[in-house]
Amino acid sequence: MTAEFGSELDGQVAIVTGASSGIGEATAKSLAARGASVVLAARREDELDELAAQIEDEDGETLVVPTDITDDEDIDTVVETTTDEYGRIDILVNNAGVMPLTHIADADRETLQRTIDVNLTGLITLTHAVIPTMLEQESGHVVNLSSVVGRFLQSNSTHYNAAKAGVKMFGDSLRLDVASEGIRVATIEPGAVSTELLEHIPDEEIKEGVEGHVGTMQALQPDDIARAITFVVTQPEHVDINEVLIRPTDQVQP
Ligand code: NDP
């Protein structure tokens, strides 16, 4: 465990998507370390089981629910399993994402579609499924992972930029509709974080270019983002941190 155990989130229930690696894994550990029961959602069940064992070794509480965020039935299952087990949902960290960068002219439709489906449509659909529970509770916290490129452009990233800008707009619009009901909404916009995300870039030249760019800086670690998310969700109820843009100190572009 990187975080020290505490009690700020005792009794709270969090769903973290994309918990099988990177930022999601670090966030799940951090929330569990502060007392939250954490529902681990992603497709790779083995990784989720391993993470659950690590958290439970530290007396944390988890529930593994294998989930493909692009599958409507999986989305209903993760929400129903959570409310059946714990009776509430206090925190939803919409973190699952893919970044298959490619020039628009070289992109196949499946890549474009998947980028929007995972990063944006899945996030909207899961939020839609969770909101009734939060409305009933008159409390809840939705934390959406956008990106620095939701605000500033990068090349070979039309579909990813569009998805991440959509995440930001969705979060801000959601807040308009639910803030008066006690539900808080935050958008997290990381710069370069050292995770598996770059490994799935299909175009070797683009991948090398991005890796070279990231290599010029001291990239953030997943724990750096987990710390920011934990800060956001441990504020007093009257404090709603809407947006956090967090870059490596030496990241200038984008
Ligand atoms: P990782 O590749 O380590 O993590 C991505 C996570 O998303 C994995 O746990 C993966 O799990 C999950 N995922 C992918 N597809 C699906 C799917 N169809 N259904 C459910 N889960 C899925 O990368 P990061 O930790 O870096 O990424 C986390 C978030 O942070 C993403 O939204 C990313 O866009 C964002 N971000 C990352 C930055 C970075 O520099 N790393 C910068 C800015 C934003 P599995 O394969 O098991 O399903």
Side-chain angles (χ1 to χ4, degrees), residues 15-30 38-52 64-75 77-78 92-101 110-111 113-127 143-154 157 159-168 170-171 186-201 207 210-211 213-215 217-226 228-229 243-248 251 253-254:
I15 298 175
V16 179
T17 69
S20 57
S21 60
I23 295 168
E25 178 183 347
T27 301
K29 284 182 182 172
S30 177
V38 183
V39 178
L40 308 174
R43 292 168 304 173
R44 286 171 294 170
E45 194 169 356
D46 287 352
E47 274 78 354
L48 296 180
D49 286 340
E50 203 175 303
L51 174 60
V64 169
V65 185
T67 307
D68 183 335
I69 199 76
T70 66
D71 184 316
D72 279 1
E73 277 184 29
D74 281 10
I75 285 179
T77 300
V78 72
L92 169 63
V93 183
N94 277 314
N95 164 77
V98 291
M99 189 181 71
L101 300 183
E110 188 278 330
T111 300
Q113 188 68 53
R114 184 163 50 89
T115 306
I116 302 298
D117 286 350
V118 176
N119 291 289
L120 184 58
T121 312
L123 175 151
I124 292 174
T125 311
L126 178 56
T127 306
V143 179
N144 295 325
L145 268 290
S146 177
S147 165
V148 68
V149 305
R151 290 176 46 158
F152 305 101
L153 302 179
Q154 70 180 354
S157 183
H159 44 314
Y160 187 68
N161 288 351
K164 291 304 190 185
V167 169
K168 162 78 175 130
F170 172 70
T187 304
I188 311 293
E189 296 155 326
V193 189
S194 181
T195 68
E196 296 174 10
L197 198 69
L198 305 189
E199 289 172 20
H200 309 296
I201 297 176
K207 186 176 167 190
V210 177
E211 283 171 346
H213 173 56
V214 173
M217 61 188 85
Q218 183 177 343
L220 300 173
Q221 297 302 311
D223 281 342
D224 296 322
I225 306 301
I229 293 172
E243 188 172 7
V244 181
L245 172 62
I246 172 170
R247 290 179 169 116
Q251 179 175 357
Q253 295 285 341

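Just so you know, ligand 1 is whichever comes first in the structure, and atom 1 is the first atom listed for that ligand. For this chain, numbers begin at 1 and follow the sequence in order.
In this view, Glu199 satisfies the salt bridge (Lys or Arg N to Asp or Glu O under 4.0 Å) rule with no residue, not counting sequence neighbours. Scanning for side chain to side chain contact (heavy atoms under 4.5 Å, CB included) contacts around Arg151 gives Glu189, Glu243, Leu245, with sequence neighbours left out.
Between Thr70 and ligand 1, no N or O atom pair is found at a separation short of 3.5 Å. Residue-to-ligand polar distances keep Pro190 apart from ligand 1: every N/O pair is separated by 3.5 Å or more. By the 3.5 Å distance cut-off applied to N or O atoms, His200 is not counted among the residues near ligand 1. In terms of polar-atom proximity, Ile23 is counted as a contact of ligand 1, with an N or O under 3.5 Å from an N or O of the ligand. Inclusion of Ile69 in the set of residues having an N or O under 3.5 Å from an N or O of ligand 1 is warranted. Residue Tyr160 places at least one N or O, backbone or side chain, under 3.5 Å from an N or O of ligand 1. Distances between N or O atoms of Val118 and those of ligand 1 include no value under 3.5 Å. Checked against a 3.5 angstrom limit, the closest N/O atoms of Val98 and ligand 1 fall outside it.
Residue Glu25 does not touch ligand 1, judged by heavy-atom distances below 4.0 Å. When non-hydrogen atoms are compared, ligand 1 lies under 4.0 Å from the backbone of Ala192 (N, CA, C, O) but not from its side chain.
Put simply, the side chain of Tyr160 reaches to within 4.5 Å of the side chain of Gln154, judged on heavy atoms. At least one side-chain heavy atom of Ile201 sits under 4.5 Å from a side-chain heavy atom of Val210.
In terms of protein heavy-atom proximity, atom 3 (O) of ligand 1 is closest to Ser21 OG, 2.9 Å. The protein heavy atom nearest to atom 44 (C) of ligand 1 is Ser146 O, 3.3 Å. Looking only at protein heavy atoms, the nearest one to atom 26 (O) of ligand 1 is Thr195 OG1, 2.6 Å. Closest to atom 21 (N) of ligand 1, if we only count protein heavy atoms, is Ala96 CB, 3.5 Å. For atom 5 (C) of ligand 1, the nearest non-hydrogen atom of the protein is Gly97 O, 3.6 Å. The closest protein non-hydrogen atom to atom 6 (C) of ligand 1 is Gly18 CA, 3.7 Å. Summary of contacts: the protein heavy atom closest to atom 27 (O) of ligand 1 is Leu197 CD1, 4.0 Å. For atom 15 (N) of ligand 1, the closest heavy atom belonging to the protein is Arg43 NH2, 3.3 Å.
Listed by number with element, the atoms of ligand 1 under 4.0 Å from a non-hydrogen atom of Gly22 are 3 (O), 25 (O).
Arg44 has no carboxylate O lying under 4.0 Å from a charged side-chain N of Glu25, or vice versa, which leaves the two without a salt bridge.
At least one heavy atom of Gly191 sits under 4.0 Å from some atom of ligand 1.
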